[in-house]
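One structure is given here, and the rest of the page talks about it.
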Amino acid sequence: MDEYFKLAVDATMEGMREGTGGPFGATLVRDGEILAAVGNTVLKEVDPSGHAELVAVREACGKLNTLDLSGSIMYATCEPCPMCVAVMMWAGVEKCYYASTRTDAAEAGFSDQHLRDFLDGTDKSLFDLEHLEDGREDCAEIWTEFARLKAERA
């Protein structure tokens with residue numbers, strides 16, 4: 001475990017020193033193989049989704065040419081935000097160990113509490129999410145076409 005955290009810390013420090021990333025890093029491992037060891041790329045890519053855990057999942061999926069990272073374990077320098085947890089779950093990451101907490105991140109100016117409050121229903125004022133029930137048959141047709149293509153490829 002120490003080796004995996006060291007790789008994440010090293011990648012994070014490098015990114016911070018180069019001005020390409022913030023204070024977050026992650027290493028993704030499966031069956032003892034290091035799939036990715038990264039710092040975040042938010043500044044480098046000018047991309048708010050460039051969180052370390054997400055970047056690690058992207059790299060690992062690309063390296064292995066799969067969307068399925070079942071059996072892998074993430075070692076994150078800080079508690080993952082809701083977006084990163086969702087990506088790890090979608091990819092099948094089995095477990096995530098983290099060191100610093102969301103409180104530590106918030107004290108440094110990186111709070112994700114607004115996301116957590118939105119997702120748990122505490123505060124819906126920051127983002128308006130509205131379901132259109134009628135008049136979007138074009139969007140409904142996507143599912144029909146998806147089913148047709150899936151059956152055709154089976």
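Panel note: side chain Thr12, backbone Phe24; a donor-acceptor pair is recorded below 3.5 Å. Looking only at distances, no side-chain donor or acceptor of Thr20 sits under 3.5 Å from a matching main-chain atom of Leu43.
Screening residues 12-25 for salt bridge (charged side-chain N to carboxylate O under 4.0 Å, His left out) gives no qualifying pairs among residues at least two apart or on separate chains.
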Could you please spell out the steps behind the side-chain contact (heavy atoms from CB on, under 4.5 Å) verdict for His114 and Asp123? CA-CA 8 Å; His114 62 296; Asp123 184 359; over 6 Å; no
Could you go through Ile73 and Arg30, starting from their C-alpha distance and side-chain angles, then the distance that decides it, and tell me whether this counts as side-chain contact (heavy atoms from CB on, under 4.5 Å)? CA-CA 6 Å; Ile73 299 174; Arg30 182 165 67 186; over 6 Å; no
Would you sort out whether Thr41 and Asp47 count as a side-chain contact (heavy atoms from CB on, under 4.5 Å), showing the intermediate values? CA-CA 7 Å; Thr41 60; Asp47 177 3; 5.7 Å; no
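Among Asp104, Val85, Thr101, Thr103, the one residue that satisfies the side-chain contact (heavy atoms from CB on, under 4.5 Å) test with Glu79 is Thr101.
Proximity of Leu28 to Leu69: side-chain heavy atoms (C-beta onward) are separated by under 4.5 Å at one or more points. Proximity of Met88 to Met74: side-chain heavy atoms (C-beta onward) are separated by under 4.5 Å at one or more points.
The pair Glu33-Lys63 counts as a salt bridge, with a side-chain nitrogen and a carboxylate oxygen less than 4.0 angstrom apart. The residues Asp120 and Arg116 are annotated as not salt-bridged, no charged nitrogen and carboxylate oxygen being separated by less than 4.0 angstrom. Ion pairing of Arg148 with Glu145 is present here, as a side-chain N (NZ or NE/NH1/NH2) and a carboxylate O approach within less than 4.0 Å.
Side-chain N/O atoms of Asp68 and Ser70 include a donor and acceptor closer than 3.5 Å.
Every residue was checked against the ring-ring contact (aromatic ring centres under 6.0 Å, His included) condition with Tyr98, not counting sequence neighbours, and none meets it.
Tyr97 and Tyr4 have their aromatic ring centers separated by at least 6.0 angstrom.
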